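Predicted model only: the values in this text are computed from it and were never measured. Letters A, B, ... mirror the listed sequences (proteins, then strands); counts begin at 1.
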Amino acid sequence: MTTYIVSFALGIFFGFALNKAGLTKYHKIVNVFRFTDMAVLKFMMTALVVAMIGLYTLRGLGLVTFPAPPATYVVGNLVGGLIFGVGMAMAGFCPGTAAAGAGDGKLDYLIPGVLGFLTGAAIYGLTYQQVFPAISGIANYGNVVIPDLWNLSSFLTVTTFTLMSLLLFYLIDRMGWQRKEK
Amino acid sequence: MKFILNYIRKDEWSPYVAGVLLGLVGIAAVWISNSLLGASGAFENVVGLIGKAIAPKAFDNMYFNFIMPPGITTNVILLVGIFFGSMIAAATSGTLKFRVNDDAQWKQVYGPQLWKRWLLLFIGGIILEYGAGIAGGCTSGLAISGGMLLDPAAFLFIAGMFASGIVTAMIIYGKRY
């Protein structure tokens, strides 16, 4: 029961953040692929930097152990991402933002959107045996994180990622690395 | 205090502020429940339930028995939480309203027909969920949750997603890209 309450509470704040970042809107999502509105990228990178610093600090202090990270199998992660990007740029949502968009009242997301995800899940589950074992067998590194895989200092990896993100934010906001809407 | 309340009521926050909130949620998930956020898995759990009810033979396979067992999992609860969290957020900014086809840019690109929007969202949902299945997660479960742990899979997924997303947008937008 407690785990359910925790999951629900995490979902509430997650959905709240998605909504306030504007990610329940079609134009917000598609425009990141057109480089005319970089809010999605800024939102994601900020979340990554904050969570990364927090989690690696907690791990360094011995306060948390990481849950198993999603498995790395190079071709599958990449091909899955390529398929995913087509749907995302076409429809302007993804599973999480569809749930959030349905929550703020978009019946387009609640009805055909959810039905689409359920249909996709069924097709995937029914073809899993034919597809997944083969593709996930190629260049499979298991459940690893970059500092452990390449034997890098966690501190330096997180610092590098943070500085790269800040540089990117600077280039977008101050150097005009964003296209004008036509 | 008043400033904070006024900010909460704003329709759209700075993506940096919203991003900090999401980052804190990501930390909380690991710290409190040793779990990761995710969204696409929930649809698999739910469709397993439906499938086993209406076509038990077809859904009696390795995937729905062992890999993604059907049920109201914590993933499903999290997704329901996202739904209500966004509803609360929309209520604070006064934009909560049941509506269809409300995006001006969508209508410019695809036209005003509702059936077209519903069809494209349905097909988009199928493509997204299938891609997430192969990749091992979606924007939440792989890009954010994996990325914050510095998981190589997350960055491979993000690279693929942006590459094909940019090409798809170019094709759809044509001269307007």
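Within the 4.5 angstrom heavy-atom criterion, no atom of A:L23 approaches chain B. With a threshold of 4.5 angstrom between heavy atoms, A:D148 does not approach chain B through any atom at all. For A:A9, no part sits under 4.5 Å from any heavy atom of chain B, backbone or side chain. Neither the backbone nor the side chain of A:I29 comes within contact range of chain B; no heavy atoms are under 4.5 Å apart. Contact annotation for B:V167: neither backbone nor side-chain heavy atoms come within less than 4.5 Å of a heavy atom of chain A. Residue B:L128 touches chain A through both its backbone and its side chain, counting heavy-atom pairs closer than 4.5 Å. For A:V74, the parts sitting under 4.5 Å from any heavy atom of chain B are the backbone and the side chain alike. Of the atoms belonging to A:V131, it is side-chain heavy atoms, and not backbone ones, that fall under 4.5 Å from chain B. Contact annotation for B:I171: neither backbone nor side-chain heavy atoms come within less than 4.5 Å of a heavy atom of chain A. Heavy atoms of A:L41 lying under 4.5 Å from chain B belong exclusively to its side chain.
Between A:K25 and B:E12 there is a salt bridge, with a side-chain nitrogen of the basic residue lying less than 4.0 Å from a carboxylate oxygen of the acidic one. Classification of A:K28 and B:D103 as a salt-bridged pair fails, no side-chain N sitting under 4.0 Å from a carboxylate O.
The CG atom of B:L78 lies 12.0 Å from the OH atom of A:Y4; values are rounded to the nearest 0.5 Å. Going from atom CG of A:L82 over to atom OG1 of B:T168 covers 9.5 Å, rounded to the nearest 0.5 Å. The distance from atom CD1 of A:I83 to atom OG of B:S164, rounded to the nearest 0.5 Å, is 9.0 Å.
B:N34 is not listed as a side-chain neighbour of A:F66, based on a closest heavy-atom distance of 4.5 Å or more. In this structure the side chain of A:D108 reaches within 4.5 angstrom of the side chain of B:L114, judged on heavy atoms. Residues B:I134 and A:F132 form no side-chain contact, since every pair of their non-hydrogen atoms from C-beta on lies 4.5 Å or further apart. Contact of the A:K106 side chain with the B:D102 side chain is registered, since non-hydrogen atoms from C-beta on lie closer than 4.5 Å. Looking only at side-chain heavy atoms (C-beta outward), A:P70 and B:L36 come within less than 4.5 Å of each other.
Scanning residues 168-175 of chain A against chain B with a 4.5 Å heavy-atom cutoff picks out A:F169, A:D173, ordered by number. Below 4.5 Å, heavy atoms of chain A meet heavy atoms from B:L142, B:A143, B:I144, B:G146, B:G147, B:M148, B:L149, B:L150, B:D151, all part of residues 142-151 of chain B. Of all residues spanning residues 114-126 of chain A, those with a heavy atom less than 4.5 Å away from chain B's heavy atoms are A:V114, A:L115, A:G116, A:F117, A:L118, A:T119, A:G120, A:A121, A:A122, A:I123, A:Y124, A:G125, A:L126, arranged by number.
Nearest heavy atoms, A:A91 versus B:L120: CB-O, 4.3 Å.
Remark: aromatic rings of B:W13 and A:F16 are close, center separation under 6.0 Å.
Of the listed residues (A:L149, A:D104, A:L48), the greatest number of heavy-atom pairs within a distance under 4.5 Å of chain B belongs to A:D104.
Each side-chain hydrogen bond (donor to acceptor under 3.5 Å, both in side chains) pair with one or both residues in residues 40-55 of chain B, not counting sequence neighbours, appears once here: B:E44-B:Y63, B:N45-B:T73, B:K52-B:N65.
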